[in-house]
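Numbers restart at 1 for each chain; the letters A, B, ... are given by sequence-line order, proteins then strands. Computation of the quantities below employed the complete heavy-atom set of this structure, encompassing side-chain atoms and omitting hydrogens, waters and symmetry-equivalent molecules.
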Protein chains: 2
Amino acid sequence: MLNQAVRTSVTPVKPGNSASSASDQFSMVMVHAGLVASEFCYKKEEEIYGEDEPAEYVYQVVTGAVRNYKLLSDGRRQIGAFYLPGDVFGLESGPVHRLTAEAIVDTTVRLLKRRSVEQAAATDVNVARSLWAMTAGELRHAEDHMLLLGRKNAMERVANFLLEMDRRLAVAGLLALPMCRRDIGDYLGLTLETVSRALSQLHSQGVLGFSGARQISLRNRQHLHNMDA
Amino acid sequence: MLNQAVRTSVTPVKPGNSASSASDQFSMVMVHAGLVASEFCYKKEEEIYGEDEPAEYVYQVVTGAVRNYKLLSDGRRQIGAFYLPGDVFGLESGPVHRLTAEAIVDTTVRLLKRRSVEQAAATDVNVARSLWAMTAGELRHAEDHMLLLGRKNAMERVANFLLEMDRRLAVAGLLALPMCRRDIGDYLGLTLETVSRALSQLHSQGVLGFSGARQISLRNRQHLHNMDA
DNA sequence: CGAAGCTTTGACGGCAGTCAAACCCTGTGG
DNA sequence: CCACAGGGTTTGACTGCCGTCAAAGCTTCG
C-alpha cells in the first residue's frame, strides 16, 4: 500500500492558489505538536485507503490528485471530492474511513499518524479546533455539492465544475485536469457522454478553449457564473 | 425570531429511538461546561435562522421537526437534512450558518449560546472532541446523501427515505411524517409527484400501509432494503 | 507505428419532470 | 353539525433531458 518512503518534512506544501486554510492548519498541527510528516508516493489508479478501513493516517496532497468515492453494489460510483495539492484528506473523527481514496495520477502525499494527531488535539486546544475546522470545511463542500446533485441541470453542473477547478488548480489561466471524463461525470452525477457534450457546447460557444481534452482555458468566466445558477 | 422563552433545562431530551450520540454529546457539553439551555418555540413554517446569518446559537430539537436547506436564485430548493427530536443542529465551526433552518411543524428547541459552547471547548478537550464528532456526523450523512442524489433512481431514493425515517422517528411501528411531499422531494432531489407515485406503487405492492397520507406503516422492510441498492 | 484507452459524436429510448385536473383531508365558520 | 374553502395528495397525459448503445476519432505511449 505504501510504496515508497521518500523523505520527511515539516515545511508547508505549495502555498499556491489552493489557498484553503486547511493546508495551513495541517502545517500548524505538525508544528504545534512537534510532529514530522513522512512522504509517500502512490501510482496512478492506486488505492490509498478503502471504505470502512481503519483510519490510521491523515494525508496531505503534495503533487498529483486523489478521488474520494463511494460505490453501490452494482458499480455505480459517486465521487464526493477531488483532492489537489495542498488539500488534506483522510481525516476522520470516528474509527474508519467512510469513502475510498485513490490516486488519479502518480501522487505524492505527506502523512501523519492519526494517533499522533489525536494526541496533539488532546493537549492543544488549537489543534483540536483545526481538526474541527477541517471537517467543517469538508461538510461545507458536501452541502454545496448536494445542491448541485439534487437540483442543477447538466450544464449548470459542468459550469460549476469548471469554476471550481479554475479556482483550485489553474496556473497561468490554464486548467490541466488530472481526471478523465468518467471521473468528472461520477463527481457531477452525470455520464461521461453528457460531460463531453456540455464541454463541446461550451467550446463551440467560445466560452472555453481546448489544448487536448484535458487542457482547458476559460475564456468567459462570467458566462460560466451565469450558467451555474 | 425567538418566540417564547419557556423554561431552562439541563436534562437530556427524549432518550427515545433517535439514539444518535449527538444528543448525548449535547447534554455532555452542557454538563461538562455547567451551561444551561433555554427552551424556545417556533411556529409551523417559521424560520429559525437564515443562510449566511451569524451563527449565535446551537440548537437541539425537543419536539417537532426542522428542515435545513439551500435555495437557488430561481427557487429550486435542496433540503440537506431533517432534524427530529434529539437532533442537534445549527452548530458551525465558522462564523455563519450555511443553510436556512425552518420549523416544519410547531417545534420546541433547546438552545445554547454559541459563545458559551466555544468557551467550553477552549477549556475542556472533551467538549472540543464532541463538537468535532457532531460535525463529523453531519458530514457522514451528507456523504451518504451525495451518493443518493448523484446515483440512485427515484424508487431507491424513496425506499432509503422510508428506512431513514423508520429508524429515526418510528414509534410502535408507525411513521408519522411531519413533512409534506414537496419537502420529501426537495430532500431526495425529486418532484413531489414522483415521490407520490413511488409511495403509491409501494402501497399497491403491499410494502407499506397508509393511515392518511402522512401516517405510514412499513410492512416489508427487507423489500425496502433490497430496493435501496 | 500500432494498440489501447480516452474522447467525441450520433441515434434512440426511458425515467422522471411538467402541466393539469380530480380527489381528499383538515380546519373553520355559519 | 354541516358546508365550504384551502391546501395537500394522487393520478393521468405528455414532454424532454439525460442515459444508453454504438461507432468513429484522437492521444499517448510502448
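- Listed candidates were dT11(D), dC18(D), dT7(C). Nearest to the side chain of Asn153(A) is dC18(D).
- Nucleotide dC24(C) holds its P atom 14 Å from the CZ atom of Phe210(B), rounded to whole Å.
- Between Arg182(B) and Ala154(A), it is Arg182(B) whose nearest contact on DNA chain D lies nearer the 5' terminus.
- Per the geometry, NE2 belonging to His203(B) stands 14 Å off C1' belonging to dT9(D), to the nearest Å.
- Checked against the 6.0 Å centroid threshold, Tyr59(A) and Tyr83(A) do not count as a close aromatic pair.
- Glu102(A) and Tyr69(A) form a side-chain donor-acceptor contact under 3.5 Å, judged by distance and modelled atom types alone.
- If you check every strand for non-hydrogen atoms under 4.0 Å, Arg197(B) touches a base.
- When the options Leu72(B), Ile79(B), Leu99(B), Leu71(B) are evaluated for a side chain to side chain contact (heavy atoms under 4.5 Å, CB included) with Leu147(A), the one that passes is Leu72(B).
- For the pair Arg151(B) CZ and dC15(C) C1', the interatomic distance rounds to 15 Å; values are reported in whole Å.
- Each of dG19(D), dT9(C), dT11(D) was ranked by its minimum atom distance to the side chain of Ser196(A); first place goes to dT9(C).
- Using a 4.0 Å heavy-atom cutoff across all strands shown, Leu192(A) reaches at least one base atom of the nucleic acid.
- Phosphate contact (OP1/OP2 of dG17(C), side-chain N/O of Thr194(B), threshold under 4.0 Å): present.
- If you take CD1 of Ile184(B) and P of dG8(D), they are 13 Å apart, rounded to a whole angstrom.
- Side-chain proximity of Thr191(A) to dG19(D), dA16(C), dT18(C): nearest is dG19(D).
- Computed from coordinates, the Lys44(B) NZ to dG6(D) C1' distance equals 12 Å when rounded to whole Å.
- Between the CD1 atom of Ile216(B) and the C1' atom of dG8(D) there is a distance of 14 Å, given to the nearest Å.
- The residue Ser200(B) sits close only to the backbone: its heavy atoms come under 4.0 Å of sugar-phosphate atoms, none of a base.
- Distance, Leu199(B) CG to dT9(D) P: 10 Å, rounded to whole Å.
- Glu156(A) and Asn160(A) share no side-chain donor-acceptor pair at under 3.5 Å.
- Distance CZ (Arg157(B)) to P (dA16(C)): 8 Å, rounded to an integer number of Å.
- Among the protein residues, Gly185(A) comes within range of no part of the nucleic acid, since none of its heavy atoms lies under 4.0 Å from any strand.
- The side chain of Arg181(A) sits closest to dT7(C) out of dT11(D), dG17(C), dT7(C).
- Of the inter-residue distances, the one linking Ile216(A) atom CD1 with Leu177(A) atom CG reads 4.5 Å to the nearest 0.5 angstrom.
- Within the structure, a side-chain polar atom (N or O) of Arg214(A) is placed less than 4.0 Å from OP1 or OP2 of dT7(C).
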